[in-house]
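For reference, the structure discussed in these notes is given below.
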Amino acid sequence: MVVDIGPSNIETAFVLEALRKNVRVDGRGIYDYRTLRISCGPTPGLAEVQLGQTRVLARVSCEVTRPSPDRPTEGLVQFSSELSNLAAPNLDASSGGRVSAQEVAISRMVERVIRQSRAIDTEALCILAGVKVWTVRVDLHFLDHGGNLMDAAAAAAIVALRHFRRPDVTVQGEEAIIHDPRERNPVPLSIHHTPVCVSFAFLGALGELAVLDPSLLEEQAQAASFTVTLNAHKEICALNKAGGVPLSPEQIQRCTQVALTKADEISDAINAALKGSSSNK
Amino acid sequence: MGDTKIVIPGDIIDTHTEDSDQTILRLGPGLTQTNDDTRATTAGVLHSAKDNTQYWVVSNKRRYVPAESEPVLGVIVARHGEGYRVDIGSAHDALLPLLAFEGATKRNKPNLALGTLVYARVAVANSLMDPEIECFNSKTGKAEGYGEMTEGFMFKCSLGLARRLIDSRAPVLGALGAGVPFEVAVGLNGRVWINTASPATTVLVANAIKNSEFLNAKQCRQMVKELLEKQ
């Protein structure tokens, strides 16, 4: 009902004028991240990430299903997101179970980051080939939209997946026994690496001014956006640029260099949060 | 007045007094009467008048409910034949008639672009109609500071902070004014417009005001002093 009208003209003009003098509206440096806070638990598979004003909650659950017919030995990983007017007053309340375009876009992005980078071992999710596999479901709830939902959502998803424990399974011939978590300790998912997203916004008519981790105002005023997904092994898992003005190879190079350092910091924060929560158990 | 009492929605307020002559009890914002009880409807601090005939709850929220004669900052989202539709952060956009400007006549109407920020006062606000705003004081016909904002910067804050800022004696504004020249317009819909000589100063002033929400006067002055020294 309420359409996103965007910021007023003077706000957009001010953001650009300030950026031309290397000043960001919230006082950060051009390549500074906002304060990142990650918390997991108490339930396994529940993680909340706060990136400045942006807050995302990720919840992982699993159930036993039939596998997809063309991949009988692989489990499934599904992503869904909820972006309602809890997060910002100008967003539509999800009406009657229909998903909005924005929600679809975000869940697709997170899915691409985690699935295409093969972070989760889907073959380890197989119980009985062709008959039973685990379907792991990641639900993202956006509690507050302060800009750069992508980085926060990806971090929340991967933390939740690493934090999650699925019930243990014993396979005897054609029979699979799924153990109750109270009888046998649930086991973690098999996760190869931790992909981390680092997003940039480009402002100005030609996208000449780059900023890292855009705030909501910078995101609304941007001419293009670009996300680099990397892991702690300095492997680039994905590059994402959807729409917006064209960027030069030098800009892409510079962003990737900055992303390398920043991804390390985020990975460290993720590891610290997971270690902290496991030592509390 | 008594000590401060925090209430949450649903709390029953004890409004009983010994004075049997008192028959009229006035319930202000955040309170409602259900059967024989007085209940709080919003979360906040309960206040009462000295003679215990008036009670009200002071609460802090971020979503604005328009009330008549309040100054607000709005962004023009559409133009109709009769006026502009302006987003003021309330559930429904407000209507700003084309003639609601100083010196506007049928021949001489303002021509504002979409996305323009305007400072206006709420003329009509009730739960049955869309709110209406005007860019002048309709009693005097003068602009009195209302109208289009052509430069500067705007940011959002909570309603409680906006209410405190609109008092010109607000400590953070006084402390900033002593160090930096700036203009400010406060909208009670949780939006603040500021203008200074340079972007860096504007960012400093904006962040100082945002930081001042939970600080008392002394802490405000200290915070502003540190910010100005760092510059």
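Computed from a predicted model, the values in this text were never measured in an experiment. Quick note on labels: first sequence line is chain A, next is B, and so on, each numbered from 1.
Atom NZ of Lys156(B) has 12 or fewer heavy atoms from other residues, nucleotides or ligands within 6.0 Å. No more than 12 heavy-atom neighbours from other residues, nucleotides or ligands sit within 6.0 angstrom of CZ on Arg59(A). Under a cut-off of 6.0 angstrom, the local environment of CD in Glu229(B) is crowded, with over 12 non-hydrogen atoms contributed by other residues, nucleotides or ligands.
One distance of note links CD of Glu151(B) with CD1 of Ile10(A); it measures 8.5 Å at 0.5 Å rounding. In this structure, CH2 in Trp193(B) is found 11.5 Å from OG in Ser8(A), a value given to the nearest 0.5 Å.
The candidate with the highest count of non-hydrogen atom pairs below 4.5 Å against chain B, out of Asn9(A), Thr12(A), Asp26(A), is Asn9(A).
Residue Thr150(B) touches chain A through its backbone alone, counting heavy-atom pairs closer than 4.5 Å. Contacts of Ala200(B) with chain A are made by both backbone and side-chain atoms, with heavy-atom separations under 4.5 Å.
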* To do: Could you give me the CA-CA distance, side-chain angles and deciding distance for Val25(A) and Phe155(B), then say whether side-chain contact (heavy atoms from CB on, under 4.5 Å) is met?
  => CA-CA 10 Å; Val25(A) 166; Phe155(B) 61 91; over 6 Å; no

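Within residues 14-24 of chain A, the residues having any heavy atom less than 4.5 Å from a heavy atom of chain B are, in residue-number order, Phe14(A), Glu17(A), Ala18(A), Lys21(A), Val23(A), Arg24(A). Of residues 252-259 of chain A, not one residue has a non-hydrogen atom less than 4.5 Å from any non-hydrogen atom of chain B. Listed in order of number, the residues of residues 114-148 of chain B that approach chain A to under 4.5 Å between heavy atoms are Leu114(B), Gly115(B), Thr116(B), Leu117(B).
Annotation: side chain to side chain donor-acceptor pair (under 3.5 Å) contacts involving residues 259-269 of chain A, sequence neighbours excluded, comprise Lys234(A)-Asp264(A).
Minimum heavy-atom separation, Gly27(A) to Val203(B): N-CG1, 3.9 Å.
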